[in-house]
Engineer: 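Following this message is one structure expressed as structure tokens.
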There are 2 protein chains.
Amino acid sequence: MSPDPQSSAPTLEMVAAAAGVSRSTVSRVINDSPKVTPEALAAVRKAIDELGYVPNRAARILASRRTQSIALVIPENTAKFFADPYFATVVQGIAMYLSDTDYTLSLLIASESDGEKTRRYLQSGNVDGALILSHHSDDRSYVQLAKSIPVVFGGRPMSQEGSHAYYIDVDNVEAARSVTQKLIERGRRRIATIAGPSDMSAGLDRLQGWRQALDAAGIPTDLVEHGDFSPAGGEAAMRRLLDREPELDGVFAASSLMASGALNVLRSRGKAVPHHLGLVTFDNDYAAQSSSPPLTTVEQPTVEQGRRMVDVLLHLIDGGNASTVTMMPTRVIERGSE
Amino acid sequence: MSPDPQSSAPTLEMVAAAAGVSRSTVSRVINDSPKVTPEALAAVRKAIDELGYVPNRAARILASRRTQSIALVIPENTAKFFADPYFATVVQGIAMYLSDTDYTLSLLIASESDGEKTRRYLQSGNVDGALILSHHSDDRSYVQLAKSIPVVFGGRPMSQEGSHAYYIDVDNVEAARSVTQKLIERGRRRIATIAGPSDMSAGLDRLQGWRQALDAAGIPTDLVEHGDFSPAGGEAAMRRLLDREPELDGVFAASSLMASGALNVLRSRGKAVPHHLGLVTFDNDYAAQSSSPPLTTVEQPTVEQGRRMVDVLLHLIDGGNASTVTMMPTRVIERGSE
DNA sequence: TTGTAAGCGTTATCAA
DNA sequence: TTGATAACGCTTACAA
């Protein structure tokens with residue numbers, strides 16, 4: 001009995017035999033080496049086509065010591081991560097851009113209980129680089145990781161050492177300041193904020209922007225309640241704010257999901273937006289667009305942020321240089337909520 | 001000059017030397033072979049710890065012909081995919097479950113222009129199996145793929161050959177019927193549907209469920225407009241419906257995103273829900289919960305669906321058997337919209 | 001420009 | 001239970 005001809009995928013060796021060249025030449029063709037004669041090139045290409053040859057990834061990695069794959073590390077709190085349109089679209093940008101390259105994307109959930117495992121995996125040559133999204137003050141270990149492999153953060157890392165890290169971000173302070181400014185311009189004078197978590201730079205920066213706007217107008221900045229960027233967090237914070245100050249007439253919610261939670265509370269308490277109170281927020285996603293009323297908000301180029309993260313990472317992997325911080329533009333979109 | 005001791009990751013060989021055993025023994029320890037004496041085991045473990053050894057993935061794959069990685073294939077239309085909470089949560093389930101195993105998850109975007117490339121990659125031993133999400137009538141090629149490697153679909157595949165495919169799904173017909181029934185019970189008699197795409201089984205099945213409910217009540221089933229499961233699609237469909245039949249008093253939208261688009265149109269045309277008309281939908285996500293009014297809807301266990309997809313796939317990979325179709329339970333959640 | 005041959009770091013077979 | 005030793009499929013000096 002002859003061996004089953006399609007028992008396994010064709011190998012480079014089979015291509016070489018079919019094309020009448022050596023394995024090296026086939027390898028050169030696969031890797032776009034210029035040092036191949038047109039005839040050899042044609043013969044190899046033909047053989048590859050006919051056999052339906054696809055290089056074995058593991059063998060390539062092992063021999064070349066390049067994995068052609070990068071990791072996307074997401075926080076353990078997957079539910080909140082995937083529920084947030086912001087992250088969904090950043091991931092979209094990453095996946096889309098990467099699909100145009102020869103790199104493979106591995107999704108990695110960073111277990112806090114065993115973060116060691118994740119880091120070991122990343123450090124042990126299993127990926128060429130890593131993208132870190134939505135990590136909190138515990139991002140030190142990932143900043144450390146950058147000493148072993150190229151790492152790019154989405155959003156400025158919190159830790160001190162992070163000042164040397166590569167990251168993509170927007171000017172959260174300025175964007176928050178400028179959208180809060182809208183409230184002031186409409187004559188609101190008792191303005192609160194539903195701030196993000198204090199262990200995330202986006203949370204801190206947006207809070208600071210809100211403060212700057214109020215300070216400049218001589219308005220007190222005492223009305224601060226924190227949420228976790230989720231609708232439920234927004235609801236709870238809104239309740240606390242109304243309890244503290246029933247007369248408040250303006251709110252800046254640091255994320256659209258929190259704003260939508262806040263809207264529910266306002267509705268149930270009979271506070272009309274924008275009649276009784278103005279509401280502005282951050283992110284121009286589904287929540288900001290489809291709420292009633294639609295919300296005045298800060299738009300940031302999320303898909304593009306993902307693209308740029310990949311872009312910077314691939315540059316680093318190629319040994320090129322990239323600027324450590326990439327700031328993406330934002331703009332305020334005015335809608336009915338203020 | 002001696003070679004840089006930390007120029008590269010420790011290898012199995014170094015562990016073997018440190019532990020005073022052969023490479024084979026180290027390999028056995030790594031792979032939990034029972035045939036290792038306690039002393040050898042201890043020595044190897046100690047060496048592994050001290051060196052911080054992590055097995056080289058590529059080498060393992062190459063030698064064992066098992067990749068320990070599975071692909072998640074998502075459709076080319078990434079924007080719509082990632083914008084849909086349904087898929088986001090299914091992916092969440094997949095990623096979470098997989099992170100408890102030794103498998104790695106690769107995100108693959110199926111390019112329609114070069115679907116060949118994707119399939120080649122999958123067929124060429126680069127993954128142990130594949131998860132296919134949200135594919136349309138063009139899913140034939142993936143059904144074919146199942147002849148080469150284990151494949152599990154999220155949602156029943158459309159193609160004929162798909163009847164032999166492994167998939168996880170819910171009873172869309174029955175769920176749609178039963179939520180439409182709510183409209184009828186409340187006395188609605190002119191009931192429309194914003195159906196999903198005709199090239200997706202969820203679209204077809206929910207439409208059929210709506211028809212069953214109406215047929216049973218002797219209500220005409222002429223008011224059908226299709227959308228693409230997105231808010232914009234829902235808006236457009238709602239407009240067409242109102243133009244066709246201003247007197248309609250009930251709507252079943254086949255997805256919560258379409259329902260929320262529909263709500264915007266209704267609001268702008270002065271139609272109050274549920275005062276003038278009842279609106280029920282599918283999916284208990286953010287859109288259904290945070291709209292005003294919150295929507296009566298069909299809840300399906302999305303995270304769990306992702307889990308089960310992985311579960312079935314891993315069974316298949318292990319050579320075990322699994323039932324081709326896994327149906328997950330749904331239930332109707334009643335809210336204010338009807 | 002092409003081919004030869006030596007790895008890359010594991011697993012797997014077979015004897016011992 | 002352990003240890004040699006031969007793969008696994010490719011890349012990459014180096015030689016021709």
Side-chain angles (χ1 to χ4, degrees), chain A residues 3 7-44 47-48 51-69 102 120-121 123-128, chain B residues 3 7-45 47-48 51-69 102 104 120-121 123-128:
Chain A
S7 67
S8 70
T11 68
L12 180 147
E13 174 132 40
M14 296 165 62
V15 174
V21 299
S22 74
R23 295 184 303 174
S24 326
T25 300
V26 177
S27 177
R28 289 186 187 102
V29 171
I30 294 170
N31 296 292
D32 297 317
S33 161
K35 313 185 154 198
V36 177
T37 53
E39 303 83 60
L41 186 72
V44 172
I48 287 179
L51 295 172
Y53 168 73
V54 178
N56 178 303
R57 208 146 194 287
R60 285 184 103 170
I61 294 172
L62 187 56
S64 68
R65 343 268 287 104
R66 266 174 282 111
T67 71
Q68 293 284 99
S69 89
D102 280 329
R120 279 265 176 95
Y121 177 81
Q123 276 174 347
S124 299
N126 291 309
V127 295
D128 290 340
Chain B
S7 67
S8 69
T11 67
L12 179 148
E13 173 132 40
M14 295 165 63
V15 174
V21 299
S22 74
R23 293 181 301 173
S24 318
T25 299
V26 177
S27 177
R28 290 188 187 99
V29 171
I30 293 170
N31 295 293
D32 297 317
S33 161
K35 315 186 153 197
V36 177
T37 55
E39 302 82 61
L41 186 72
V44 172
R45 288 233 173 103
I48 287 179
L51 295 173
Y53 167 76
V54 178
N56 178 304
R57 206 144 196 288
R60 287 186 103 169
I61 294 172
L62 188 56
S64 67
R65 340 260 297 102
R66 264 175 283 113
T67 71
Q68 292 286 101
S69 87
D102 279 330
T104 261
R120 280 266 176 94
Y121 177 80
Q123 275 174 347
S124 298
N126 291 309
V127 297
D128 290 341

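A quick note: this is a predicted structure, and the numbers were derived from the prediction, not measured. Below, chain A is the first sequence line, B the second, and so on; all start at residue 1.
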Engineer: In whole Å, I'd like the distance from the CZ atom of B:Arg60 to the C1' atom of D:dC10.
Structural biologist: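 Atom CZ in B:Arg60 sits about 20 Å away from atom C1' in D:dC10.
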
Engineer: What is the distance, rounded to the nearest whole Å, between atom CD1 of A:Ile30 and atom P of D:dG9?
Structural biologist: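 In whole Å, D:dG9 P lies 13 Å from A:Ile30 CD1.
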
Engineer: Send over the distance from B:Glu13 CD to D:dA4 C1', rounded to a whole Å.
Structural biologist: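 Taking CD of B:Glu13 and C1' of D:dA4, I get 13 Å after rounding.
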
Engineer: Write down the distance between CD1 (A:Ile61) and C1' (C:dT10), rounded to a whole number of angstrom.
Structural biologist: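 In whole Å, C:dT10 C1' lies 13 Å from A:Ile61 CD1.
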
Engineer: At 4.0 Å (heavy atoms only), tell me whether B:Ala40 reaches a base, stays on the sugar-phosphate, or touches nothing.
Structural biologist: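 Here B:Ala40 touches the backbone only, sparing every base.
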
Engineer: Closest approach to the side chain of A:Asn56, judged atom by atom: which nucleotide of C:dA5, C:dT10, D:dC10 is it?
Structural biologist: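 The closest nucleotide is D:dC10.
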
Engineer: Is there a side-chain contact between A:Ser27 and the phosphate of D:dT11, meaning an N or O under 4.0 Å from OP1 or OP2?
Structural biologist: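 Looking at the OP1 and OP2 atoms of D:dT11, one of them is under 4.0 Å from a side-chain N or O of A:Ser27.
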
Engineer: Taking the nucleotide of DNA chain C with the closest heavy atom to each, which residue, B:Pro55 or B:Arg28, is nearer the 5' end?
Structural biologist: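 On the 5' side of the pair lies B:Pro55.
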
Engineer: Report yes if a side-chain nitrogen or oxygen of B:Arg65 is closer than 4.0 Å to either non-bridging phosphate oxygen (OP1 or OP2) of D:dC8; otherwise report no.
Structural biologist: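 False: B:Arg65 side-chain N/O out of range (4.0 Å or more) of D:dC8 OP1/OP2.
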
Engineer: Report the nucleotide, chosen from C:dA6, D:dC8, D:dT2, that has the shortest atom-to-atom distance to any side-chain atom of B:Thr37.
Structural biologist: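 My answer, after comparing the listed nucleotides, is D:dT2.
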
Engineer: To the closest 0.5 Å, what do you measure between CZ (A:Arg23) and CD1 (A:Ile30)?
Structural biologist: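 Taking CZ in A:Arg23 and CD1 in A:Ile30, the distance rounds to 11.5 Å.
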
Engineer: If you look at every heavy atom in A:Ala58 and B:Ile61, which pair is closest and at what distance?
Structural biologist: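 The answer is CB-CG2, 3.4 Å.
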
Engineer: What is the distance, to the nearest angstrom, from the CG atom on B:Leu62 to the C1' atom on D:dA7?
Structural biologist: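 B:Leu62 atom CG is separated from D:dA7 atom C1' by 9 Å.
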
Engineer: Counting the atoms with a prime plus P, OP1 and OP2 as sugar-phosphate, which does A:Val21 contact under 4.0 Å by heavy atoms, base, sugar-phosphate, or nothing?
Structural biologist: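 Sugar-phosphate only.
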
Engineer: Taking the side chain as C-beta and beyond, is there a heavy-atom pair between B:Arg57 and B:Thr104 under 4.5 Å?
Structural biologist: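 Touching, per the 4.5 Å side-chain cut-off.
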
Engineer: List the steps, then state whether side-chain contact (heavy atoms from CB on, under 4.5 Å) holds for B:Asn126 with B:Thr67.
Structural biologist: CA-CA 6 Å; B:Asn126 291 309; B:Thr67 71; 5.7 Å; no

Engineer: Any idea which heavy atoms bring B:Ala19 and B:Ala43 closest together, and the distance?
Structural biologist: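 B:Ala19 and B:Ala43 have their closest heavy atoms at CB-O, 3.7 Å.
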
Engineer: Hey, is the side chain of A:Ser64 poking within less than 4.0 Å of OP1 or OP2 on D:dC10, counting only N and O atoms?
Structural biologist: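 So the side chain of A:Ser64 is outside the cut-off, no N or O lying under 4.0 Å from OP1 or OP2 of D:dC10.
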
Engineer: Apply side-chain contact (heavy atoms from CB on, under 4.5 Å) to residues B:Tyr121 and A:Val54 and explain how you reach the verdict.
Structural biologist: CA-CA 7 Å; B:Tyr121 177 80; A:Val54 178; 5.5 Å; no

Engineer: Let me know the distance between CZ of A:Arg23 and P of C:dT2, rounded to the nearest Å.
Structural biologist: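 My rounded result for the distance is 17 Å.
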
Engineer: In this structure, how many angstroms lie between the P atom of C:dT4 and the CG atom of A:Leu12, rounded?
Structural biologist: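 After rounding, the reported distance stands at 14 Å.
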
Engineer: Just to be sure I understand the rule, does A:Thr25 reach a base, reach only the sugar-phosphate, or reach nothing, if contact means heavy atoms closer than 4.0 Å?
Structural biologist: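 Since only primed, P, OP1 and OP2 atoms lie under 4.0 Å of A:Thr25, the category is sugar-phosphate.
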
Engineer: For a quick check, tell me whether the side chain of B:Ser22 and the base of D:dA4 share a donor-acceptor pair closer than 3.5 Å.
Structural biologist: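 It does not, because no donor-acceptor pair links the side chain of B:Ser22 to the base of D:dA4 below 3.5 Å.
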
Engineer: If you find the nucleotide of DNA chain D closest to A:Ala59 and the one closest to B:Glu39, which residue's nucleotide is nearer the 5' end?
Structural biologist: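 On the 5' side of the pair lies B:Glu39.
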
Engineer: Please report the distance, rounded to the nearest Å, between CD in A:Gln68 and P in D:dT11.
Structural biologist: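 One finds 11 Å between P of D:dT11 and CD of A:Gln68, rounded.
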
Engineer: When we call it a touch if two heavy atoms are under 4.0 Å apart, what does B:Arg66 touch: a base, just sugar-phosphate, or nothing?
Structural biologist: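 The residue B:Arg66 makes sugar-phosphate contact but no base contact.
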
Engineer: Identify which nucleotide among D:dT11, C:dT10, C:dT11 has an atom closest to any side-chain atom of B:Thr11, counting heavy atoms from C-beta outward.
Structural biologist: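 Nearest to the side-chain atoms of B:Thr11, counting from C-beta on, is C:dT10.
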
